[in-house]
Structures are given as structure tokens and as C-alpha cells.
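I am attaching a structure below and will ask some questions about it afterwards.
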Amino acid sequence: MSGSRILGTGSALPRQIVTNADLAERVDTSDEWIVARTGIRQRHIAQSDETTASLAIAAARAALADAGVDAASIGLIVLATATPDNTFPATATKVQAALGCNGGVAFDVAAVCSGFLYALTVADSLLTTGTAKRALVIGAETFSRILDWEDRTTCVLFGDGAGAVVLEAPSAQHTGSDAPGILGSRLHADGAQHDLLYVDGGPSTTQTVGHVRMKGPEVFRHAVVNLSAVLREVIEEAGVSVDEIDWVVPHQANARILDATAKKLGIAPDKVILTVDRHANTSAASVPLALDVARKDGRIKSGDLVMLEAMGGGFTWGASLIRM
Ligand code: UT7
């Protein structure tokens, strides 16, 4: 029997688009540098009336509509974010209240850019053990609120957004190698790499929110090595060959990381979903956003074998292989 099944996907982006040329008016950078080093051309930035919760709620509603299920059937909400509306309670509880499905389980997961992979794996486990029958798994961020807008090495890289999936518990109806569902997942963390990518503030240390700090080239090197390794682990666990994978939906940090990782594994570049050009790095939102884009534009179809993967601060990283 496969793991939990994805019934629908949805996403939401802030109204305002900020181009590389717009940023070049604020910091010493250029469209040429940003495109050549990252593949990013623009990002969406939240305005004052848009928050992580409001984007998450919009993405969740879109996912419920796509799945054709009622919010009342959702017994579990797992929301991945590093930019919650409040230090507590969890942003997931705000989503729950807005959808009117109070009474089930709702909590946030903090694993930064790999947050969606962590949230998906935790939700799949809880559905498998019977905590709920149906879940919303959401990645939502307003990273623009924790950027140092004077630091050109980080502020050009990120954007805001949200993506969500409706996940249903495994069922005996869905068995066999072609059955839809999660076929395998692996998560990792290496806390020794804390200082390569972190936020320099927090409630218990500085009593401030802080700003993103990153040693980009070192993160880049670790990303390619860690992602290739975890992809191989999941491929082996699921007992499939690389050629059987129809699509890879990676965390959208940098087009060069996507290319290098695909090349290392022998995956054709045209099987890799790329949204970093339009969304930049939306941290926990990037994987479900890219998944939704590729489903809605008709590339990812029912029955396709799809690999999700991400790596971020902690370090944390992970991958999931899913039959759609
Ligand atoms: O989502 C979590 C995971 N995050 C990532 O995966 C990010 C991983 N890292 C990266 O994507 C890349 O390392 C960056 C895009 C962050 C940087 O690209 P890079 O090719 O590694 O550039 P670099 O940091 O080595 O910088 C090269 C040069 C430097 O100038 P010098 O020292 O050669 O004179 C930087 O000061 O580019 C300069 N630079 C910029 N120039 C124009 C750095 N940022 C900018 C900028 N505009 N925005």
C-alpha cells in the first residue's frame, strides 16, 4: 500500500511584483548579475495587508477547491514557515479558524526551506497512524519581512508566497506499484552547519525578529552534495530507477543548484520544474508553489512519478517520491 495521496494543490502570491531592475535602484546590484548567478528575474513581495497567514489561507482554499473537498473534512493542518504571523500561536491555527474546521490538529513546523518536506512527511505519518483522515499541508512565507534590504548578498534572492496540498490517509483501495500516494520520504538535519544560514535574532536571544544571514557559496556546495545524496536514498527506498521519474519539483533557491543536482543524478533538465525565475526563493512555500504551477499548466498529471526535494537552514534537507 502507498502512503497518503495528494487530492489537490493550490497556491497564492502577493499582488506586488518586484523586478531585478527595481532592486538595482535600492542596492548595488544588476539584473545581469542576479539572472546569471541565480536565474531569478522577479519576486512577489507582500504588502502590509498580506501576511503569511493570509497567503496560507488563500493557498489552502485553492487546494480544497482543486481537490473538491470540504474544509470540514480536514482534521489536520501542518504549516511550514520560518515567518509566522506571531511567535505563537501557530499560524496553522489561524488557517484553521479561517477555514472553519476547528477541533482537529493544527501546528507549525520550522525547517525553513525544507519545511514543506518536513511538514509533508509528518502529516503522512500522522495520517498513516490514524490521527486524521484528511490533512492540509502548507508552506507559507513572508521572507521579505526578515530580509536586510541593505544586504545585496541576500535581499535579491527571496520572495513571498504560499502553496498547499490536500493529503488523504492511505487506503486499502490504493495498492500496487501504480497506486497513487507517497512512495518514500527521507529527512535529514545537520545542526553543526547552523552558522552558514540563519536569522540573527529571535524571542529568546535578542527579543527581535532578526535578519537572514547566509554564506551563499558554502550553502551552495552543501546543497548539491546533500540533495543528490537524499534523492539517491529515496530512489533506492522506493525501488524505482532514475529514468522512471517523470518530474522533479525542487526547492527553488538557485537555477544553478537545480541544474547541478539534476546533472549529478542523470536527470534530464526538461524534467525539472523551474519557477525560481518568477518567484525567487520563497523558502517553505517554493516546493508546493512549483508543484501547483506544474499541475495547473498540465505538465504534472495523474499517475506521474514526482520527486520533491529541498534543503535549507539548519541545515535541514529532505525528499519525497510521490505517485500523483
Ligand atoms: O534556500 C536555502 C538555500 N540557499 C541556497 O541554496 C543559496 C545558495 N547560494 C547561492 O545560491 C549563491 O551562492 C549566491 C546566489 C547566494 C551567490 O552566488 P555566487 O556565485 O556564490 O557569488 P558569490 O557569493 O561568490 O559572490 C561573487 C561576487 C562577490 O564579489 P567579489 O568578492 O567577487 O568582488 C560578491 O560581493 O558577487 C558579489 N555579489 C553581488 N554582486 C551584485 C554578491 N551579491 C551581489 C549582488 N549583486 N546581489
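First listed ligand is number 1; within each ligand, the first listed atom is number 1.
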Below 4.0 Å, non-hydrogen atoms only: which portion of Val112 touches ligand 1? Side chain, backbone, both or neither.
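None of Val112 does.
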Considering only non-hydrogen protein atoms, determine which one is nearest to atom 6 (O) of ligand 1 and report residue, atom name and distance to 0.1 Å.
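Here the closest protein heavy atom is Ile257 CD1, 3.2 Å.
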Shortest protein contact, atom 2 (C) of ligand 1 (heavy atom only)
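Answer, as residue, atom name and distance: Cys113 SG, 3.4 Å.
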Please determine whether side-chain hydrogen bond (donor to acceptor under 3.5 Å, both in side chains) holds for the pair Thr81 and Glu141, giving the CA-CA distance in whole Å, both sets of side-chain angles, and the decisive distance to 0.1 Å.
CA-CA 6 Å; Thr81 190; Glu141 302 276 18; 3.1 Å; yes
Within a radius of less than 6.0 Å around NZ of Lys133, do more than 12 heavy atoms belonging to other residues, nucleotides or ligands occur?
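It does not: Lys133 NZ has 12 such atoms or fewer within range.
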Identity and distance of the protein heavy atom lying nearest atom 39 (N) of ligand 1:
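Checked against all protein heavy atoms, atom 39 (N) of ligand 1 sits closest to Trp33 CZ2, 3.4 Å.
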Which of the ligand 1 atoms, numbered from 1, are nearer than 4.0 Å to a heavy atom of Ala253:
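Contacts of ligand 1 toward Ala253, numbered from 1: 1 (O), 5 (C), 6 (O).
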Taking non-hydrogen atoms only, is Val156 closer than 4.0 angstrom to ligand 1 via side chain, backbone, both or neither?
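Val156 to ligand 1: side-chain contact only, backbone stays beyond 4.0 Å.
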Using the side chain to side chain contact (heavy atoms under 4.5 Å, CB included) rule, pick out the option among Val272, Ile267, Val234 that qualifies with Met307.
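Per the side chain to side chain contact (heavy atoms under 4.5 Å, CB included) rule, the option paired with Met307 is Val234, out of Val272, Ile267, Val234.
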Would a search of protein heavy atoms around atom 33 (O) of ligand 1 find one under 4.0 Å away?
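False for atom 33 (O) of ligand 1.
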Does Lys263 NZ have over 12 foreign heavy atoms under 6.0 Å away?
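No - once you tally the heavy atoms of other residues, nucleotides and ligands closer than 6.0 Å, there are 12 at most.
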Taking Glu50's backbone N and O only, do any of them form a donor-acceptor pair with Ser54's side chain (distance below 3.5 Å, no angle check)?
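Side chain of Ser54 to backbone of Glu50: no pair is present.
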For Leu157 and Met214: C-alpha separation, side-chain torsions, deciding distance, then whether side-chain contact (heavy atoms from CB on, under 4.5 Å) applies.
CA-CA 11 Å; Leu157 304 175; Met214 176 165 70; 3.3 Å; yes
To which protein heavy atom is atom 5 (C) of ligand 1 closest, and what is the distance rounded to 0.1 Å?
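Atom 5 (C) of ligand 1 sits closest to the protein heavy atom Val219 CG1, 3.6 Å.
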Please lay out, stage by stage, how Asp124 and Ser4 fare under the test side-chain hydrogen bond (donor to acceptor under 3.5 Å, both in side chains).
CA-CA 6 Å; Asp124 180 35; Ser4 308; 2.6 Å; yes
Could you list the atoms of ligand 1 found under 4.0 angstrom from a heavy atom of Thr38?
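Those of ligand 1 that fall under 4.0 Å from Thr38 are 15 (C).
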Heavy-atom nearest neighbour of atom 26 (O) of ligand 1 within options Arg37, Arg152, Glu32
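That would be Arg37.
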Please report the interatomic distance CG(Leu64) to CG(Leu7), rounded to the nearest 0.5 Å.
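The distance works out to 10.0 Å.
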Counting heavy atoms only, which of Gly314, Pro217, Ala310 comes nearest to atom 23 (P) of ligand 1?
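Result: the heavy atom closest to atom 23 (P) of ligand 1 is in Pro217.
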Of the protein's non-hydrogen atoms, which lies at the shortest distance from atom 47 (N) of ligand 1, and what is that distance?
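Residue, atom and distance for the closest contact: Thr29 OG1, 2.7 Å.
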Can you tell me if Arg256 has over 12 outside heavy atoms packed within less than 6.0 Å of its CZ?
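Above 12, so yes.
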With heavy-atom distances below 4.0 Å as the criterion, list the atoms of ligand 1 near Met311.
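What qualifies from ligand 1 is 2 (C), 3 (C).
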Under a single-linkage definition using a 4.5 Å side-chain heavy-atom cutoff for Ile, Leu, Val, Met, Phe, Trp and Tyr, are Val248 and Ile300 assigned to the same hydrophobic cluster?
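Not linked; separate clusters.
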Nearest heavy atom to atom 8 (C) of ligand 1 wins, so pick from Ala24, Gly216, Gly313, Gly39.
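The nearest heavy atom belongs to Gly216.
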Counting only heavy atoms closer than 4.0 Å, does ligand 1 sit against the backbone of Arg256, its side chain, both, or neither?
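It is the side chain that touches ligand 1; the backbone stays farther off.
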What do we get for Phe220 next to ligand 1 when only non-hydrogen atoms under 4.0 Å count, side chain, backbone, both or neither?
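Under 4.0 Å from ligand 1, Phe220 contributes backbone and side-chain atoms.
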Could you find the nearest protein heavy atom to atom 11 (O) of ligand 1 and give me its residue, atom name and distance?
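The closest heavy atom on the protein side is Asn254 ND2, 2.7 Å.
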May I ask you to check whether over 12 heavy atoms, not counting those of Glu236, lie within 6.0 Å of atom CD?
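Count not over threshold, so no.
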For atom 41 (N) of ligand 1, is the nearest protein heavy atom closer than 4.0 Å?
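It does: a protein heavy atom is found less than 4.0 Å away from atom 41 (N) of ligand 1.
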In ligand 1, which numbered atoms sit nearer than 4.0 Å to a non-hydrogen atom of His251?
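With His251 as reference, the close atoms of ligand 1 come out as 1 (O), 2 (C).
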Short list, please: which atoms of ligand 1 are under 4.0 Å from a heavy atom of Thr153?
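Counting atoms of ligand 1 from 1, those under 4.0 Å from Thr153 are 43 (C), 44 (N).
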Between ligand 1 and Leu197, can you find any atom pair, the residue atom being a heavy atom, that is separated by under 4.0 Å?
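Contact present.
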Test side-chain hydrogen bond (donor to acceptor under 3.5 Å, both in side chains) applied to Thr83 and Arg145, step by step
CA-CA 8 Å; Thr83 49; Arg145 307 260 155 83; over 6 Å; no
Approximate separation, where rounding is to 0.5 Å, of Arg152 CZ and Thr154 OG1:
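That separation rounds to 11.0 Å.
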Which residue and atom name correspond to the protein heavy atom nearest atom 16 (C) of ligand 1, and how close is it?
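The closest heavy atom on the protein side is Leu157 CD1, 3.7 Å.
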Around Gln207, counting heavy atoms of other residues, nucleotides and ligands shown, do more than 12 lie under 6.0 Å from its CD?
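Counting other residues, nucleotides and ligands, CD of Gln207 exceeds 12 neighbours.
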Protein heavy-atom contact under 4.0 Å for atom 45 (C) of ligand 1?
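Within 4.0 Å: yes, protein heavy atom nearby.
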What about Asn281: any of its N or O atoms under 3.5 Å from an N or O on ligand 1?
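So ligand 1 has an N or O lying under 3.5 Å from an N or O of Asn281.
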